[in-house]
Number of protein chains: 2
Amino acid sequence: MGMNLLAQADMIATAGSNGVSVSKHESMTQRAYRIIRADIISGARPPGERLRIEMLKTIYDIGPTPLREALQKLSTEGLVLALEKRGFMVSPLDLDEFSDLNIARIEIEKVALTRSIALGDSQWESRVVAATYLMNKEDAALLASGNGVSDVWEAANAEFHATMIAACGSKWLLQMRDHLQDMCERYRRSSISQSIRKTGDGKRDVGKEHAAISNAVLARDAGLACQLTESHYMKTLDRLKRDLKMVTKPKP
Amino acid sequence: MGMNLLAQADMIATAGSNGVSVSKHESMTQRAYRIIRADIISGARPPGERLRIEMLKTIYDIGPTPLREALQKLSTEGLVLALEKRGFMVSPLDLDEFSDLNIARIEIEKVALTRSIALGDSQWESRVVAATYLMNKEDAALLASGNGVSDVWEAANAEFHATMIAACGSKWLLQMRDHLQDMCERYRRSSISQSIRKTGDGKRDVGKEHAAISNAVLARDAGLACQLTESHYMKTLDRLKRDLKMVTKPKP
DNA sequence: CTTTTAAATATTACCGATAAAAATAAGGAT
DNA sequence: ATCCTTATTTTTATCGGTAATATTTAAAAG
């Protein structure tokens, strides 16, 4: 009847890392969406690149219909631009939009953080402690071997910040933050600041910043936690902004 | 060659009221997306309704491919649920999600309002004055003829609140607010509280609330403006929540 | 009454036809 | 002679039809 339909809908809605469910028998549309999305964010499909169906068909071995559906979805998200009667292209990078994106991301993060600190229970606190522990460890490892950030560090960092706001009480707030973060990530990855990741970030001690944020959160000092988080993000942002000037198209 | 492509892309991106561009030669996908979206928000397609392609094909006189593309887009937005190998359905209403949605909407609105008050210039101020003038007029007309809210009042109301946050300096923040508002609108319209719209809202003087908000905004008192806006939304929200208990599916 | 089997129904994805836009080539004007 | 305009060609996107696959409904047997 209509009831088990909804029950199974919940199962499907049980999503993976980025709101993308990973079923065994994934539909072609889902598959195309997931892969192309990852390729755009990672920079494998560079900004401004035209996404011709024939071309994608041979690359991903997926038919034209699921490809179009995936691209339409991505255009709703803003990662792809749908040009009337002229197909699709990867959304170009734009320095102004990057500022815009970061403003929105940081503001929403602060709101979520404030709410999380106000609403979080003991179980959430323990999650914070656990994430902080792992983050500390990875930060120390990062500092020791000057090889720059690793994938495990990236994962710990993502988990750290996600945990801080996890108790904000609004899935939509979290979803919007995730979306904005993905959009920002594309700018970060597309920038030539990969070199920065290798060389490290100058005199900056990210570990101390993380520890300070964690302390403020556990002390339930929302104002301080927001302030620290904002400047934490701003530091990397300023660096990126400088580097991005070269890879974004100049304004007309 | 490649350049005017981007230039024209900007033209297409020049959107109408709800981020939906209305071109003369609208593609079938766009058409389907626009119409079905409006039908879902308005309640013409009720929550939980299965959206069978064959059915939609005859109703909207649009082929299956553009219909599927439109439904995929709507599923990205959250208005439609895509069930693996089981087609699409209008996302069911859920009281918890409604709370969630409103939390996010009000929080983002407050952030945008604070920023708008901090950043708005004289031109924005004049827009605020203009919108307030129209709103006042419509509020008075509403109070005089006890016929309940009209479409022109709704338009004035939307414009009023949009103007207050217009100077927030982040298109993404505004876009997310718009999206959340559309999602909330579906709950409002689907509720039986149409009766409330007809009977009026009790002893509540919406005109005074609007005036107070406008004054706080023009006085650049962000704290007060946020507080007033929040309670303004909360008042209608509480009413709605009561009524929605009947139309949303009970939790298992 | 539950479980299994079979028919019908719907969704998914590929293919081909149509139509639109970009590229190229030709002609005329300054 | 060069540049702009116009016409033709080629490429490419869009859309509806259709076959294959999975699922749901219904019926029958245990």
Side-chain angles (χ1 to χ4, degrees), chain A residues 1-12 21-36 45 48-76 80-91, chain B residues 1-12 20-36 45 48-76 80-90:
Chain A
M1 302 70 173
M3 222 43 196
N4 53 2
L5 192 88
L6 275 177
Q8 292 181 35
D10 284 339
M11 285 196 48
I12 292 170
S21 62
V22 272
S23 174
K24 195 165 57 184
H25 280 304
E26 190 181 32
S27 77
M28 287 291 116
T29 298
Q30 266 182 312
R31 180 184 188 76
Y33 172 75
R34 183 174 51 79
I35 297 174
I36 297 175
R45 308 250 139 256
E49 187 188 71
R50 293 201 61 179
L51 298 166
R52 293 201 181 78
I53 301 293
E54 285 297 319
M55 173 210 193
L56 299 175
K57 215 167 63 172
T58 57
I59 293 175
Y60 296 109
D61 196 45
I62 293 176
T65 308
L67 279 174
R68 285 188 58 81
E69 288 176 19
L71 292 175
Q72 290 285 2
K73 278 179 77 96
L74 289 167
S75 80
T76 307
V80 161
L81 232 52
L83 309 167
E84 212 165 332
K85 295 278 183 192
R86 252 163 300 166
F88 303 89
M89 71 185 282
V90 180
S91 295
Chain B
M1 317 340 187
M3 222 42 196
N4 52 3
L5 193 88
L6 273 177
Q8 291 180 37
D10 285 339
M11 285 195 49
I12 293 170
V20 181
S21 62
V22 271
S23 173
K24 193 165 58 185
H25 283 303
E26 192 181 29
S27 79
M28 287 292 116
T29 298
Q30 267 182 310
R31 179 184 189 76
Y33 171 74
R34 183 174 51 79
I35 297 175
I36 297 175
R45 306 251 140 255
E49 186 187 72
R50 293 200 62 180
L51 298 166
R52 293 197 182 81
I53 300 293
E54 284 298 319
M55 174 211 192
L56 300 174
K57 216 167 62 171
T58 57
I59 292 176
Y60 296 110
D61 196 46
I62 292 175
T65 307
L67 279 174
R68 284 187 58 80
E69 288 176 20
L71 292 175
Q72 289 286 1
K73 277 179 78 96
L74 290 166
S75 80
T76 307
V80 161
L81 233 51
L83 309 167
E84 213 166 330
K85 294 277 182 192
R86 254 162 295 165
F88 303 89
M89 71 186 281
V90 180

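Since the model is a prediction, treat every value here as computed from it, not as a measurement. Numbers restart at 1 for each chain; the letters A, B, ... are given by sequence-line order, proteins then strands. Every heavy atom of this structure was used, including side-chain atoms; hydrogens, water molecules and symmetry mates were not.
- With dG16(D), dC14(C), dT14(D) as the choices, the nucleotide that has an atom nearest any side-chain atom of Pro66(B) turns out to be dG16(D).
- Taking all atoms of both residues into account, the shortest heavy-atom contact from Pro64(B) to Ile53(B) is CB-CG2, 3.7 Å.
- Atom CD of Glu49(B) is separated from atom C1' of dA10(C) by 16 Å (rounded to the nearest Å).
- With values rounded to the nearest 0.5 angstrom, Asp61(A) atom CG is found 11.5 Å from Ile59(A) atom CD1.
- Under the side-chain hydrogen bond (donor to acceptor under 3.5 Å, both in side chains) criterion, Thr76(B) pairs with Lys73(A), not counting sequence neighbours.
- Note on Thr29(B): every side-chain N or O is 4.0 Å or more away from OP1 and OP2 of dT14(D).
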Polar pairs (N or O, both sides) under 3.5 Å between protein and nucleotides 6-11 of chain D?
none

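- Scanning for side-chain hydrogen bond (donor to acceptor under 3.5 Å, both in side chains) contacts around Glu69(A) gives Thr29(A), Arg68(B), Gln72(B), with sequence neighbours left out.
- When rounded to the nearest whole Å, the span between CG of Leu51(A) and C1' of dA13(D) equals 13 Å.
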Look for any protein N or O under 3.5 Å of an N or O in nucleotides 15-19 of chain C and output each such pair with its distance, or none.
none

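- Remark: C1' of dG16(D) and CG of Asp61(B) are 11 Å apart, rounded to the nearest angstrom.
- When the nearest nucleotides of DNA chain D are assigned to Glu54(B) and Phe88(A) by heavy-atom distance, the more 5′-ward of the two goes with Phe88(A).
- Counting to the nearest Å, the C1' atom of dT12(D) and the CG atom of Leu56(A) are 13 Å from each other.
- In this structure, the separation between CZ on Arg45(A) and CD1 on Ile35(A) is 11.0 Å, given to the nearest 0.5 Å.
- Of the side-chain N and O atoms in Arg86(B), one or more sit less than 4.0 angstrom from OP1 or OP2 of dT24(D).
- Partners of Arg52(B) according to the side chain to side chain contact (heavy atoms under 4.5 Å, CB included) rule, which considers only residues two or more places apart in sequence or in another chain, are Arg50(B), Met55(B).
- Note: Ile36(B) CD1 to Leu71(B) CG = 5.0 Å, rounded to the nearest 0.5 Å.
- A straight line from CD of Glu84(B) to C1' of dA22(D) spans 11 Å, rounded to a whole angstrom.
- Atom CG of Leu67(A) is separated from atom P of dC15(D) by 16 Å (rounded to the nearest Å).
- Whole-Å rounding puts the Ile53(B) CD1 to dA13(C) P distance at 12 Å.
- Nucleotide dT23(D) holds its P atom 12 Å from the CG atom of Leu83(B), rounded to whole Å.
- Applying the salt bridge (charged side-chain N to carboxylate O under 4.0 Å, His left out) test to Lys85(A) and every residue at least two apart in sequence or in another chain returns nothing.
- Using a 4.5 Å heavy-atom threshold, the side chains of Val90(B) and Leu51(B) count as touching.
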